[in-house]
Amino acid sequence: MAKLITGRAYVLGANIDTDQIIPAEHLVYSLSDEQESRQYGRFALSGVPPERAGLPAGGIGFISEEQWQSDYSIIVAGPNFGCGSSREHAPFALQKAGVRMVIAESYARIFYRNAVDGGFLVPYESMEPLNTRIRTGDMLEVNMAENRLFNASTLESFSLKAPGSVLPIIEAGGLFEYARQNGMIK
Amino acid sequence: MTITEKILARAAGKTSVSPGENIWIKVDTLMTHDVCGPPTFQIWKREFGEKARIWDKEKVVIFPDHYIFTRDQHANRNVGLLRQFAGEHNLPNFYDAHTERYKGVCHIALAEEGYNLPGSVLIGTDSHSCTSGAFGLFSTGVGNTDAAFILGTGTIWEKVPESMKFTFEGAMPEYLTAKDLILWILGDISTDGATYRAMEFDGEAVFSLNMDERMTLTNMAIEAGGMNGIIAADETAQRYVRERSDRPFEIFNSDADARYHSTYRYDTARLEPVVAKPHSPDNRDTVRNVQGTPLTKAYIGSCTGGKMTDFMNAAKILINQKVKVPTFVVPGSTEVAARLETETYKGISLREILSDAGCVIARSSCAACLGGPADTIGRSVERDVVISTTNRNFPGRMGSKKSEVYLASPLTVAASAVNGFISDPRDFL
């Protein structure tokens, strides 16, 4: 796990549910077939209503037409990110689109578990609402050793909540690696 | 300790546990379906390799239910992958689609087939797995990776949740259903009001409910972000289980001095029928306040609102009436579908009442509750305004991103279908 993650921000509102992250009609594709699973990246965040896409004025597409990956690799969102269904396809789709980190005010439990246990991306919690302080396209740098976010576009800096007891699983890169490292499975 | 803490302590092999503690627990039942089963099996094979072994075949239950009656090739391939896996490993508890064993929606089928054993731990690859908590067991949803880990080891880590207690006092008036109770709670605590917590339901009104209705309460715990919903197993619950299973189970109850994060009390006589307005299950309003909102569709189905009691409630309103908007009836399970023929209201079978009222009666599956492939029956299109007995109304949940969904009880949905606009069931009863 890299200690420094940099990328452009994509800003979203509150209660981004799993149907907005990856609409249910797309859950039919294979997650293991390399070619086919690219569909998840292509349709990531396609359920977000256009008027709220990339806030504040909306209308900022996460992925350009006919592209498989997004130019944005850090999501900044409000509370209760990933609420709704248990679909692991949600953090998977974000990862496929090129997202490496989500910074939200809070998470729904299953999305958080899936992100961590599947090793898809790092879910950070912010100390304060950041989706009003950061704009889509801002260049962000997150120092995981210091739990600190630097917005290189505005030169502002913010503290993030330390991941706590799940940090060893995040550092291992997922539940299976963690369990192997600790002799729980072979 | 609370009932949730006691069950988790037992499953962790400890005498006690405290909220916030991370524990490893033994799983008694692992449930999966056609959307999450195939990727779960793939991760299990990838991670455990050649020597991959299923920890206990008797404890794995597979219900294809999400995308069954569709021409979508990818969706059908997923059901095929379940069939292939169950065949390769001789899994006894596979309920294949398009066969006599097909059951329909997993959460309802788990109850009907006797898997909801009080005191046990049930983990499912579906967020509404919390439904089973109506039987006094710990049940929650997980993703594919966690499920694959359980498939190989029979264990999972959990953070012991704080518990919230919701007590409903008084008798249930005939115009209220469990759906109204849970929508009241959601309006009060919001869609993240119970995140990482247990939601425990108690009180005279709760224990007066039959199991169908109790399952509606626990089913929507996830809509408040709850880790699990739970109701202690009383005689009603135990009788239901004994009629469907001969396996032993253990009854747990919360101690009188159990600690709660918070407690809420409701007097049912002071509650009235409510809806969740677009686009969130916590966007509560009284039916009276939105009375008259024009509709284009009505939907009665899903693990939340497609049980026998839901259709009985709808039939009480729809008897000798005609619906004014397309109204879809989707029995939650094949058993419910069969009972629509045999159970009656005022001497007429429910199927006849619903059919004579002009409802479209579909085959059992999750259907349009979650939108699904383009050819899914009842799916919302364009600017549909739908009133539905289902559980979520986030943007695009039932299909079209432009549509609006109101969540309501089967009584309210039926009354609204008759008028073509949102209507209070008290005007019909």
Side-chain angles (χ1 to χ4, degrees), chain A residues 14-20 23-33 36-37 39 46-50 52 79-81 83-92 105-120 164-166 169 174-180 184-186, chain B residues 22 24 35-36 38-40 42-43 46-49 51 66-67 72-78 124-129 140-149 152-153 155 157 159 190-192 195-196 222-223 225-227 279-280 370-374 376 392 394-397 399 401-402:
Chain A
N15 299 314
I16 299 298
D17 77 295
T18 53
D19 274 290
Q20 293 182 66
E25 66 206 80
H26 302 305
L27 302 181
V28 296
Y29 305 118
S30 166
L31 291 98
S32 51
D33 183 283
E36 192 176 319
S37 66
Q39 297 285 355
S46 65
V48 177
R52 282 179 254 166
N80 205 24
F81 190 85
C83 59
S85 99
S86 69
R87 63 189 69 154
E88 192 163 303
H89 311 64
F92 180 84
E105 284 169 58
S106 65
Y107 293 88
R109 165 184 164 268
I110 307 179
F111 179 91
Y112 188 85
R113 278 190 82 105
N114 287 345
V116 170
D117 282 355
F120 299 111
S165 57
V166 299
I169 303 178
L175 177 64
F176 278 95
E177 273 311 310
Y178 170 82
R180 267 190 286 272
M184 299 170 69
I185 59 172
K186 284 177 185 170
Chain B
N22 273 322
W24 286 88
V35 170
C36 296
T40 294
Q42 187 269 328
I43 294 170
R46 183 188 73 203
E47 297 293 338
F48 291 101
K51 291 177 192 153
H66 273 58
Y67 306 150
D72 187 296
Q73 290 180 2
H74 291 105
N76 289 323
R77 182 186 60 185
N78 279 339
T125 60
D126 190 289
S127 62
H128 290 108
S129 298
T140 192
V142 297
N144 311 329
T145 299
D146 284 336
F149 195 87
T153 67
T155 61
W157 70 270
K159 186 162 85 177
S190 89
T191 51
D192 60 359
T195 297
Y196 252 109
I222 185 64
E223 266 54 75
M227 181 189 285
H279 293 282
S280 184
L370 76 161
T376 302
R392 288 185 187 136
F394 297 120
R397 165 71 175 181
K401 262 194 278 186
K402 296 177 198 157

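Every value quoted in this text rests on a predicted model; they were computed, and no experiment measured them. Throughout, protein chains are lettered first and strands after them, A, B, ... in sequence-line order, and every chain is numbered starting at 1.
- Ranked by heavy-atom pairs under 4.5 Å with chain B, the first of A:Asp17, A:Leu27, A:Asp19, A:Asn15 is A:Asp17.
- Of the atoms belonging to A:Ser37, not a single heavy atom falls under 4.5 Å from chain B.
- In this structure, no portion of A:Glu177 lies under 4.5 Å from any heavy atom of chain B.
- Note: A:His89 leads A:His89, A:Arg87, A:His26 in heavy-atom pairs under 4.5 Å with chain B.
- When side chains are defined from C-beta on, A:Pro23 counts as touching A:Ser46, because their heavy atoms get closer than 4.5 Å.
- Contact of B:Ala147 with chain A is not made at all, since no heavy-atom distance falls under 4.5 Å.
- At distances below 3.5 Å, at least one donor-acceptor pair connects side-chain atoms of A:Ser86 with backbone N or O atoms of B:Asp126.
- For A:Arg113, the salt bridge (charged side-chain N to carboxylate O under 4.0 Å, His left out) partners at least two apart in sequence or on another chain are A:Asp117, B:Asp146, B:Glu158.
- Taking A:Glu88 as the reference, nothing meets the salt bridge (charged side-chain N to carboxylate O under 4.0 Å, His left out) condition, with sequence neighbours excluded.
- Looking at B:Lys159, its side chain never comes within 3.5 Å of a backbone N or O of A:Ser165 through a donor-acceptor pair.
- When heavy atoms are compared at a cutoff of 4.5 Å, B:Tyr67 approaches chain A solely by way of its side chain, counted from C-beta outward.
- In terms of modelled atom types and a separation under 3.5 Å, the side chain of B:Glu47 and the main chain of A:Phe176 share no donor-acceptor contact.
- Counting only heavy atoms from C-beta outward, the side chains of A:Asn114 and B:Thr145 never approach each other to under 4.5 Å.
- With a threshold of 4.5 angstrom between heavy atoms, B:Leu370 approaches chain A through its backbone and through its side chain.
- For A:Val166, the part sitting under 4.5 Å from any heavy atom of chain B is the side chain, from C-beta outward, and nothing else.
- Contacts between B:Arg46 and chain A at a heavy-atom distance below 4.5 Å are absent for every atom of the residue.
- Side-chain rings of B:His279 and B:Phe394 stay apart, their centers remaining 6.0 Å or farther from each other.
- At a 4.5 Å heavy-atom cutoff, A:Phe92 makes no contact with chain B through either its backbone or its side chain.
- When heavy atoms are compared at a cutoff of 4.5 Å, A:Ile169 approaches chain B solely by way of its side chain, counted from C-beta outward.
- If you measure heavy-atom distances from A:Ser30 to chain B, the contacts under 4.5 Å come from both the backbone and the side chain.
- For chain B, the option among A:Ser32, A:Cys83, A:Ala179 with the highest count of heavy-atom pairs below 4.5 Å is A:Ser32.
- Proximity to chain A is limited to the side chain of B:Trp24, based on heavy atoms less than 4.5 angstrom apart.
- In this structure, chain A has heavy atoms under 4.5 Å from both the backbone and the side chain of B:Asn144.
- Between chain A and the residues B:Asn22, B:Thr140, B:Asn76, B:Thr40, the most heavy-atom pairs under 4.5 angstrom are made by B:Thr140.
- In this structure, the portion of A:Ile110 lying under 4.5 Å from any heavy atom of chain B is its side chain and not its backbone.
- Each of B:Gly49, B:Gly371, B:Pro395, B:Ser280 has some count of heavy-atom pairs under 4.5 Å with chain A, and the biggest count is that of B:Pro395.
- Proximity of B:Arg392 to B:Ser127: side-chain heavy atoms (C-beta onward) are separated by under 4.5 Å at one or more points.
- For the pair B:Glu223 and B:Thr191, the minimum side-chain heavy-atom distance is 4.5 Å or more.
- Side chain of A:Asp33 to backbone of A:Glu36: a donor-acceptor contact under 3.5 angstrom is found.
- Between the side chain of B:Asp72 and the backbone N or O of B:Ala75 there is at least one donor-acceptor pair closer than 3.5 Å.
- In terms of heavy-atom pairs under 4.5 angstrom with chain B, the leader among A:Ala108, A:Ala14, A:Gly47, A:Pro91 is A:Gly47.
- Chain A forms the most heavy-atom pairs under 4.5 Å with one residue out of B:Val142, B:Ile222, B:Thr155, and that residue is B:Val142.
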